[in-house]
Amino acid sequence: MIAVDGPAGSGKSSAARGVATELGLRYLDTGAMYRALTWWLLGQDLDVGDRATVAGHARRPAIEVSTDPASPRVTVDGADVTGLIRTREVSNAVSAVASVPEVRAHLIAQQQDILARACAAGEGIVAEGRDIGTVVAPQAAVKVYLTASEETRATRRSADLSADPGATPAVTRDEQKRRDTADAAQSVMASDAIEVDSTVLSLDQVIGLIVRVAGERGFPLAGRPARSG
């Protein structure tokens with residue numbers, strides 16, 4: 001198992017998917033699960049700032065994620081929400097939802113089950129998020145903490161939201177700072193993780209670096225083709 005953690009805009013999602021594809025492994029985007037729940041709560045006109053309300057509804061929607069790195073699909077109650085969960089509205093609300101203990105307990109249990117099933121099947125998996133190496137999968141054979149400068153992260157995030165005219169780099173940087181503060185408790189680097197600053201690295205360079213580290217750690221599944229599903 002490979003754990004890739006880091007703040008928003010560090011490039012961890014693209015890097016983790018790339019590593020999974022390169023090594024023929026499954027891929028789990030844990031943040032997508034928190035986003036999916038947040039999207040559902042907003043759609044129900046529930047107050048995501050009310051911790052009791054969020055806790056009381058945390059188990060209501062059925063959230064499923066594909067572990068195919070070529071098609072990381074996310075569904076809520078059977079509906080495909082893969083694109084819908086990537087809006088600024090969801091991004092600006094997800095930290096409040098993810099900080100609720102009942103939410104974390106519920107989704108972390110689901111995440112650990114997905115990871116356990118992938119490993120039991122001998123497939124291997126790359127998981128990315130905020131606290132994979134410290135909480136979700138502290139037993140991961142390879143742990144990487146991906147960072148980047150604040151400006152670089154904001155620029156990347158703004159590019160991801162190019163369809164939203166309000167998502168300028170300056171606005172994105174302010175929203176990012178608020179998320180960093182809100183997510184601080186879940187964003188601690190594991191003591192045995194390798195820190196990678198991607199500020200001046202290309203995506204291919206980051207993927208190559210993680211793949212190399214995995215090889216040095218004797219990761220057993222390098223070279224296996226990724227499976228669909």
Side-chain angles (χ1 to χ4, degrees), residues 3-16 28-61 63 65 72 74 76 81-112 127-137 145-161 164 166-190 193:
V4 180
D5 289 308
S10 60
K12 63 182 183 293
S13 294
S14 297
L28 176 62
D29 177 357
T30 62
M33 300 175 75
Y34 290 102
R35 284 177 170 273
L37 176 57
T38 302
W39 174 85
W40 183 86
L41 291 166
L42 291 171
Q44 302 299 311
D45 291 324
L46 295 169
D47 182 1
V48 296
D50 185 322
R51 296 170 73 85
T53 295
V54 172
H57 291 81
R59 296 176 179 270
R60 288 279 302 279
I63 298 170
V65 293
V74 183
V76 174
V81 299
T82 307
L84 298 175
I85 64 174
R86 302 295 175 181
T87 64
R88 283 175 64 207
E89 180 184 22
V90 172
S91 293
N92 291 331
V94 68
S95 294
V97 173
S99 69
V100 176
E102 291 83 355
V103 168
R104 291 183 55 72
H106 174 53
L107 293 184
I108 287 173
Q110 282 190 258
Q111 293 157 13
Q112 290 175 330
E128 61 103 337
R130 300 265 184 190
D131 56 0
I132 307 301
T134 54
V135 176
V136 180
Y145 191 85
L146 200 56
T147 65
S149 70
E150 186 177 281
E151 182 176 350
T152 296
R153 290 168 52 215
T155 299
R156 289 172 178 168
R157 181 62 181 152
S158 179
D160 288 342
L161 297 170
D164 184 342
T168 64
V171 169
T172 303
R173 184 162 46 249
D174 289 341
E175 293 175 345
Q176 180 176 276
K177 286 180 179 178
R178 288 194 289 273
R179 283 195 66 191
D180 285 349
T181 299
D183 294 336
Q186 290 85 42
S187 302
V188 178
M189 184 175 75

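We're numbering straight along the sequence, starting at 1.
With rounding to the nearest 0.5 Å, the separation of OH in Y34 from CD1 in I108 is 4.0 Å. In this structure, NZ on K12 lies 11.5 Å from OG1 on T147, to the nearest 0.5 angstrom. If you take CG on L84 and CG on L42, they are separated by 11.5 Å, rounding to the nearest 0.5 Å. Atom CD in E102 sits 11.5 Å away from atom CG in L107 (nearest 0.5 Å).
Side chain of S10 to backbone of P7: a donor-acceptor contact under 3.5 angstrom is found. The main-chain N or O of Y145 is never found under 3.5 Å from a side-chain atom of D5 such that the two would form a donor-acceptor pair. The backbone N or O of A190 sits nowhere less than 3.5 Å from a side-chain atom of T134 that would complete a donor-acceptor pair.
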Next item on the list: Report the C-alpha distance between L146 and E128 in whole Å, list the side-chain angles of each, state the deciding distance to 0.1 Å, and finish with yes or no for side-chain contact (heavy atoms from CB on, under 4.5 Å).
Entry: CA-CA 10 Å; L146 200 56; E128 61 103 337; over 6 Å; no

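A 4.5 Å side-chain heavy-atom check between L46 and V54 finds every atom pair outside the cut-off. With contacts defined as side-chain heavy-atom distances shorter than 4.5 Å, the pair V188/D131 does not qualify. Counting heavy atoms from C-beta outward, H57 and Q44 have side chains that stay 4.5 Å or more apart. The shortest distance between side-chain heavy atoms of P61 and L37 falls below 4.5 Å.
The heavy-atom pair separating T30 from G129 by the smallest distance is OG1-CA, 3.4 Å. Across every non-hydrogen atom of I85 and T82, the tightest pair is CG1-O, 3.5 Å. When all heavy atoms are compared, the tightest approach of S149 to T152 is OG-OG1, 2.8 Å. V74 and A32 get closest at one heavy-atom pair: CG2-CB, 3.9 Å. Scanning both residues, L28 and M33, for their nearest heavy atoms gives CD1-SD, 4.4 Å.
Classification of R35 and D29 as a salt-bridged pair fails, no side-chain N sitting under 4.0 Å from a carboxylate O.
Remark: the R51 side chain and the S99 side chain contain an N/O donor-acceptor pair separated by less than 3.5 Å. Remark: the Q110 side chain and the H106 side chain contain an N/O donor-acceptor pair separated by less than 3.5 Å.
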